[in-house]
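Labels below follow one simple rule: chain letters A, B, ... track the order of the sequence lines, proteins then strands, and each chain is numbered from 1. Predicted model only: the values in this text are computed from it and were never measured.
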2 protein chains.
Amino acid sequence: MSKSLNQVISTLERAGGFASAQEVYSNLRKQGKTTGLATVYRALQKAVSEKSVDVLRKEDGEALYRLCTTGHHHHLLCISCGKTIEIEGSAVEKWANTVAKNHGFRAVTHVVELSGLCAKC
Amino acid sequence: MSKSLNQVISTLERAGGFASAQEVYSNLRKQGKTTGLATVYRALQKAVSEKSVDVLRKEDGEALYRLCTTGHHHHLLCISCGKTIEIEGSAVEKWANTVAKNHGFRAVTHVVELSGLCAKC
DNA sequence: AGCACAAATGAGAATGATTATCAAAATCAA
DNA sequence: TTGATTTTGATAATCATTCTCATTTGTGCT
Ligand SMILES: [Zn+2]
Ligand SMILES: [Zn+2]
Ligand SMILES: [Zn+2]
Ligand SMILES: [Zn+2]
């Protein structure tokens, strides 16, 4: 694993949740690292392609990255305080596969994100 | 309904599926309309806020717009040819509600999009 | 019609995330 | 060490989207 990939990964660990590429970059800078922005993007791309990092989009289109925990999962996000909960969705997985099959699709992936207001908000 | 909103809506009708703001703009120009890009964006924003247009994001973050058909539904998109199929997902709706309730969330909405390769591709 | 005032519009500049370039630096193999 | 290969950081380029602002258009009133 390359040095920059390590740095990006551990920055995401420290962040604990979703972070944008720009945030990762500025966090690294605050820690005195000289890592360039392009390198951050390159590392994030690689991490996503290796499925060690999740990516989703804010409403304005900016990409947010988060360290994958174990296995495939989805998120329940509080749009007020930003709290995120990982959720298990075997029901959705089954449904997605069935729908894909019924329409003759192959290699189907899915985006499933829930968002609303948490109990506190 | 303002003039530009009308033009944008009927361009989306003609498109029949998802179209980006830039595509809507260039289609209008091809038809000899002098509508400005900013106006296209303004009209699309309004249409989305009025829930007469759906919006989703391509993988690169660009927004795609589509005239809402009747009722809530999801999409199965071919990433190669762009073909989109509307799908009914009562299973997902139930699951989303259950998950939300279990975690004490209110006012939960969801994003569910399937994508893969259609039979032809 | 003529006028005042508000809303809508279009052109172009500004913004901001992401990507492309490219030369310098680190890594590697022999 | 030497020469090839990969990685990196700075910077420029790209591109969708938003902002600004002067101009046009619409509306109500006389
Ligand atoms: Zn909350
Ligand atoms: Zn899933
Ligand atoms: Zn296809
Ligand atoms: Zn649904």
Side-chain angles (χ1 to χ4, degrees), chain A residues 1-12 15 17-67 77 79 82 111 113, chain B residues 1-12 15 17-67 77 79 82 84 111 113 115:
Chain A
M1 188 152 61
S2 74
K3 186 176 173 184
S4 65
L5 187 49
N6 259 319
Q7 293 183 335
V8 167
I9 295 294
S10 62
T11 301
L12 285 179
F18 288 102
S20 70
Q22 306 280 349
E23 286 168 347
V24 169
Y25 171 69
S26 101
N27 283 343
L28 282 174
R29 282 305 168 113
K30 281 175 194 159
Q31 292 165 36
K33 313 283 184 185
T34 64
T35 315
L37 184 56
T39 303
V40 169
Y41 275 102
R42 283 188 285 246
L44 285 171
Q45 275 175 230
K46 182 175 291 188
V48 169
S49 76
E50 288 169 352
K51 306 215 187 294
S52 61
V53 161
D54 274 338
V55 55
L56 64 81
R57 299 248 166 213
K58 284 199 302 189
E59 204 153 300
D60 69 357
E62 189 180 8
L64 298 181
Y65 303 88
R66 185 190 198 188
L67 219 50
L77 164 74
I79 58 177
V111 173
E113 298 295 337
Chain B
M1 187 152 63
S2 74
K3 187 176 173 185
S4 65
L5 187 49
N6 260 318
Q7 295 183 335
V8 167
I9 295 293
S10 62
T11 301
L12 284 180
F18 288 102
S20 69
Q22 306 281 349
E23 286 169 346
V24 169
Y25 171 69
S26 102
N27 283 344
L28 283 174
R29 283 305 169 113
K30 280 176 193 158
Q31 292 163 37
K33 313 284 184 187
T34 63
T35 315
L37 185 54
T39 303
V40 169
Y41 275 102
R42 284 187 284 245
L44 285 172
Q45 275 176 227
K46 181 175 291 188
V48 168
S49 77
E50 289 170 352
K51 306 214 188 294
S52 61
V53 160
D54 274 339
V55 55
L56 64 83
R57 300 250 166 210
K58 285 199 303 187
E59 203 153 302
D60 68 359
E62 189 180 9
L64 297 182
Y65 303 87
R66 185 191 197 186
L67 221 49
L77 165 73
I79 58 176
T84 61
V111 173
E113 299 295 337
S115 57

Each nucleotide of nucleotides 8-23 of chain D classed B (base within 4.0 Å of a protein heavy atom), S (only sugar-phosphate) or -, in 5' to 3' order, makes BBB-----SBBBB---

Apply side chain to side chain contact (heavy atoms under 4.5 Å, CB included) to residues B:Leu12 and B:Leu44 and explain how you reach the verdict. CA-CA 10 Å; B:Leu12 284 180; B:Leu44 285 172; 4.1 Å; yes

Value rounded to 0.5 Å, distance of CD in B:Glu62 from CD in B:Glu23: 7.0 Å

So among B:Arg29, B:Lys3, B:Gln7, which one has a side chain to side chain donor-acceptor pair (under 3.5 Å) with B:Thr35? B:Gln7

B:Val55 vs B:Leu64, test: side chain to side chain contact (heavy atoms under 4.5 Å, CB included). Steps then yes/no. CA-CA 6 Å; B:Val55 55; B:Leu64 297 182; over 6 Å; no

Pair A:Arg42-A:Thr39, side-chain donor/acceptor within less than 3.5 Å: yes

When the distance from CG of A:Asn6 to P of C:dA26 is rounded to whole Å, what number comes out? 18 Å

Any ring-ring contact (aromatic ring centres under 6.0 Å, His included) pairs touching residues 17-52 of chain B, not counting sequence neighbours? B:Phe18-B:His75

To the nearest 0.5 angstrom, please state how far the OG atom of B:Ser115 sits from the CG atom of B:Leu56. 10.0 Å

Heavy atoms of other groups near A:Gln31 CD, more than 12 under 6.0 Å: yes

Taking five pairs at each end, how big is the angle between the two axes of the helix from C:dA1-D:dT30 to C:dA30-D:dT1, to 10°? 30°

